[in-house]
Number of protein chains: 2
Amino acid sequence: MEQDNPLESVTLKDIAKAVGVSRTTVSNAFNRPDQLSPDLRQKILTVATQMGYLGPNPMGRMLRTGHTGAIGLVFHDSLSYAFADPTAIAFLQGVARTCEAAQASLLIVPVVEDVAVQQTIQQAAVDGFIVYCLPNQSDAMTQVLRRQLPIVVVDQPNVQGFPSVYIDDRQAAYEAAAHLLKLNHQRLAIISLEFLDDYCTGLVDLQRIQNADFPITQRRWQGYVDAIQEAGLEADAVLVEECAGNSEESAFQAALKLLKSTPRPTGILAMSDRLAIGALRAAEQLGLKVPADLSVVGFDDIPLASRIRPRLTTVRQPLTEKGSIAAELLLKNAPASKSRILKTQLVVRESSGLAPTSAE
Amino acid sequence: MEQDNPLESVTLKDIAKAVGVSRTTVSNAFNRPDQLSPDLRQKILTVATQMGYLGPNPMGRMLRTGHTGAIGLVFHDSLSYAFADPTAIAFLQGVARTCEAAQASLLIVPVVEDVAVQQTIQQAAVDGFIVYCLPNQSDAMTQVLRRQLPIVVVDQPNVQGFPSVYIDDRQAAYEAAAHLLKLNHQRLAIISLEFLDDYCTGLVDLQRIQNADFPITQRRWQGYVDAIQEAGLEADAVLVEECAGNSEESAFQAALKLLKSTPRPTGILAMSDRLAIGALRAAEQLGLKVPADLSVVGFDDIPLASRIRPRLTTVRQPLTEKGSIAAELLLKNAPASKSRILKTQLVVRESSGLAPTSAE
DNA sequence: CTGTTAGCGCGTTCAT
DNA sequence: ATGAACGCGCTAACAG
């Protein structure tokens, strides 16, 4: 996609020559109307149009002014994945909202392979970055840091020194678990997001949890476990199944496995609504009634959560607001002290109920 | 968000001086490894890292090379709306897929108010634009055209001279209507997308249809009407309710209105799945059974269409593929002759059935 | 209100 | 294999 339009070569200089003024005056005609007489300005604009001038070249301007009018957005994982994840979408929506209010463009940077990451992030013509849920030691994060531009960090509570926005994942998860425990559930299982960025799935051991690259996964796990221990149950007995890419299918498989184990868990704590929905499908497949036989609690409260049957009990986090605030902090060039911890709220719907009494 | 980092002022020149070579050599070290000895290159890179050099400044490079490595995406309507529309999301996902394969970034340009549009689009540092479903005479379209960059046009069959990708909206709608007609439905109603970009809702008259700024709305309508007329029914009797912003809520209201009219329609043709889902909600509210009392056919086949109950009968269009192909055409700088018309397919599910025989 | 003078940081000839 | 010179298009100071 090269641009080889000889037509486009109309430049400030050309039109200055045509009108018989200096380049500066022409530039002013576009950018500082108050710096020259209306007539002259009008004349210049007219000639510019006639000559097919397209307005100040963005790259020239950017080089000169040092800013671009765009903010960069870096997701973990591939874009096509991000755009399939309701969580990311909601976040994006929030970012977009403040962007358009501020007339800022949004540059979405694909982060695919280690080789390319460097190139792509270094090349990004942006005034700052929003970094969304990157794993702890990712290449992408390193590259973003190198740019030494303003950064806002989202869902990466371990990254210090930058304004950030996140939720109290531990507390939110704690409440989800406490909800089931209060309903007398004794046998819980956890369906988790990724701990490490290696696309492994299956049963998780403690070491993997401690080495987690995704702090939010770690903290949600901690919240679940804290509640379980507080209730006097043995946390070690709680199985944790890790799913790849927040995918419903992966959770479906994980839940199938969990629900076939004995003793069968009566409650499933899912770290996202998508995972929870996968678990619901598994329950359906096995002929288990929700919530009579099994309770499921999700996380996020994506739009779908309240549309499926049974409606999903979940912990709501303000995803769109998260995006909106992140963009705001970036555009304001806020200091790290302006970081925000957003509120979450347990939303009890139909997928959770009293633990079955006459279990097998 | 200004960048006032004195640190960043490390430039090619500085590091050239530090190493004791010329700027060119340093530039080559980054961009043309074969132009200098490996040792020297290594040395330069090392010094560069030490000095905190961030790699070639993207704006300088862009100005010099004339391309940016990013493609622009212009949506009709506000971004926050676009990110709430499953259709747009699916499209975006497709665009993202080929973008990341090509390591191109994606600049999403907010198109809010007429004043700002010019600024924002002129400022966009991109190598080309994908233009998605802009109304016929929109300001945004004018501004994009002015840039004289490569363009790919999506869902705007009236725009000539550029590579474009779209579907046969008339034919697709025709099949949707034919499906209901074959099921003996005699009283149909249409819930439509916008004809004009004025956020008007309600009953549509012929003039509005003929003046449509959104050709795809017009063509879908035409497809419905063609089928209806072919079946020997009177097309004038078919009510058309226009909804704003492809919103479910708006469709809910429209359907409520339609279903309260006498004689009550037995079939609703919705120009999108979201509208169809709004109609289903209205039917539910009125205590109408679908498909026993009412059949509904959507358009698009968004993911939700097959998840709700009753599962939605609809016309599938390959939304993600649309995005993917659009981006491909743009990146290849394809000529207008490479335009693509994508296939659609009627998907019969549970929301359509035989027309009720013993109607009131 | 207008024009002159300087770069912004980089990539690319064309010499050597 | 290396460096000198040039210009991409623009805007910010400053001087008239």
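Numbers restart at 1 for each chain; the letters A, B, ... are given by sequence-line order, proteins then strands.
For A:Asn31 and D:dG9, the CG to C1' distance is 12 Å, given to the nearest whole Å. Rounded to whole Å, atom P of C:dG3 lies 16 Å from atom CZ of A:Arg32. Computed from coordinates, the B:Arg61 CZ to D:dC10 P distance equals 21 Å when rounded to whole Å. Following rounding to the nearest Å, B:Arg64 (CZ) and D:dC6 (C1') show an atom-to-atom distance of 8 Å.
Nearest to the side chain of B:Gln35, among C:dT2, D:dT2, C:dG9, sits D:dT2.
Two residues, B:Gly60 and B:Asp34, neighbour DNA chain D, and the one matched to the more 5' nucleotide by heavy-atom proximity is B:Asp34.
Only B:Leu12, B:Arg23, B:Thr24, listed by number, bring a heavy atom of residues 12-25 of chain B to less than 4.0 angstrom from any atom of DNA chain C. Within residues 38-45 of chain B, no residue has any heavy atom under 4.0 Å from DNA chain C.
At the heavy-atom level, B:Phe30 lies nowhere under 4.0 Å from the strands shown. No engagement by A:Asn28 is indicated, since no non-hydrogen atom pair under 4.0 Å with the nucleic acid exists. Residue contacts for B:Leu63: at a heavy-atom cut-off of 4.0 Å it reaches a base atom on one of the strands shown.
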For this session: Apply the test side-chain hydrogen bond (donor to acceptor under 3.5 Å, both in side chains) to residues A:Arg61 and B:Gln123: give CA-CA distance (whole Å), side-chain angles for both, the deciding distance (0.1 Å), then the verdict.
Result: CA-CA 9 Å; A:Arg61 161 178 291 196; B:Gln123 286 263 88; 2.9 Å; yes

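When each of B:Phe91, B:Tyr132, B:Phe214 is checked for a ring-ring contact (aromatic ring centres under 6.0 Å, His included) with B:His76, only B:Phe214 meets the rule.
With sequence neighbours left out, the ring-ring contact (aromatic ring centres under 6.0 Å, His included) criterion links A:Phe30 to A:Tyr53. Scored by the salt bridge (charged side-chain N to carboxylate O under 4.0 Å, His left out) test, A:Asp198 finds A:Arg208 as partners (sequence neighbours excluded). Applying the ring-ring contact (aromatic ring centres under 6.0 Å, His included) criterion to A:Tyr81, with sequence neighbours excluded, gives no partner residue. The side chain to side chain donor-acceptor pair (under 3.5 Å) check on B:Ser339 picks up B:Ser164, with sequence neighbours excluded.
Looking at B:Asp85 and B:Thr87, their side chains do bring a donor and an acceptor atom within 3.5 Å of each other.
A:Ser138 contributes a side-chain N or O that, together with a main-chain N or O of A:Met141, makes up a donor-acceptor pair within less than 3.5 Å.
Side-chain contact between B:Thr46 and B:Lys43 is absent, with no heavy-atom pair separated by less than 4.5 Å.
The phosphate of D:dT11 (OP1 or OP2) has a side-chain N or O of A:Ser27 nearer than 4.0 angstrom. In this structure, A:Tyr53 reaches the D:dC10 phosphate: one of its side-chain N or O atoms is under 4.0 Å from OP1 or OP2.
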